[in-house]
Amino acid sequence: MPETEEKIPTFYPTKPPLDKKFRPNAVKSIIQAILNEELSGKQYDAEQTPVWSRSIADKIKHRIKELNYSRYKIIAQVLIGEQRGEGVRMATRCLWDAEADNYATQTFMSDSLFCVAVAYGVYYY
């Protein structure tokens, strides 16, 4: 008698399990630690800020990926500017699912520079 294969229905999750959702508070602490580690004691240098921004963004993405948020696309954005006492406004617009997607932001300020870092966790459907 031949064995019959049991057919398992294909299932694509449309929402992350509650214990696997992107957690902004955990991500904020990671971002703050990286900003303090990378920027403490540095003076603003227009030649070096693009290098610093890329390096910090890569470190943020790598450390967030260590949290094992499965099926999440991690996006990191870092802005470094010279501290001149002027105001800066930063805005982002995107289309996402408010139940599954989230973000975390953190700032760093010193006498000569400021940094705004944002990490987005966007769930793959």
Would [X] end up clustered with [Y] when hydrophobic side chains under 4.5 Å apart are linked, directly or stepwise?
{"X": "Y120", "Y": "I56", "result": "no"}
{"X": "Y69", "Y": "Y125", "result": "yes"}
{"X": "W52", "Y": "I34", "result": "yes"}
{"X": "L67", "Y": "I60", "result": "yes"}
{"X": "W96", "Y": "M90", "result": "yes"}

Reported [atom1]-to-[atom2] distance for the pair [X] and [Y], which is rounded to 0.5 angstrom:
{"X": "Y124", "Y": "K73", "atom1": "OH", "atom2": "NZ", "value": "4.5 Å"}
{"X": "Q48", "Y": "S55", "atom1": "CD", "atom2": "OG", "value": "10.5 Å"}
{"X": "I30", "Y": "H62", "atom1": "CD1", "atom2": "NE2", "value": "10.5 Å"}
{"X": "Q77", "Y": "T105", "atom1": "CD", "atom2": "OG1", "value": "9.0 Å"}
{"X": "L113", "Y": "L39", "atom1": "CG", "atom2": "CG", "value": "6.0 Å"}

- Are side-chain heavy atoms of Y103 and V118 found at a separation under 4.5 Å? yes
- Are any non-hydrogen side-chain atoms of K15 and D97 less than 4.5 angstrom apart? yes
Considering all heavy atoms, the nearest [X]-[Y] contact:
{"X": "I74", "Y": "G121", "value": "CD1-CA, 4.2 Å"}
{"X": "V78", "Y": "A117", "value": "CG2-CB, 4.2 Å"}
{"X": "R23", "Y": "L18", "value": "NH2-O, 2.6 Å"}
{"X": "P24", "Y": "A104", "value": "O-CB, 3.6 Å"}
{"X": "K28", "Y": "Q106", "value": "O-NE2, 3.6 Å"}

- Query: How are the rings of Y72 and F22 set to each other: parallel, tilted or perpendicular (split at 30° and 60°)?
  - Reply: tilted
- Query: Among pairs that include at least one residue of residues 33-44, which meet side chain to side chain donor-acceptor pair (under 3.5 Å), considering only residues two or more places apart or in two chains?
  - Reply: Q32-N36, E38-K59, Q43-S112
- Message: I'd like to know whether NZ of K61 has more than 12 heavy-atom contacts from other residues, nucleotides or ligands below 6.0 angstrom.
- Response: no
- Has the side chain of K21 got a donor or acceptor atom that lies under 3.5 Å from a matching backbone atom of E99? yes
- Given the rule in the side-chain contact (heavy atoms from CB on, under 4.5 Å) test, do I80 and F114 qualify, once you have shown the distances and angles that lead to the verdict? CA-CA 6 Å; I80 299 175; F114 69 90; over 6 Å; no
- Looking at residues at least two apart in the chain, or sitting in another chain, which of them share a side chain to side chain contact (heavy atoms under 4.5 Å, CB included) with L95? none
- Query: Within 45° of the ring axis of Y123 and under 6.0 Å from its six-membered ring centre, is that where the NZ or CZ of R71 lies?
  - Reply: yes
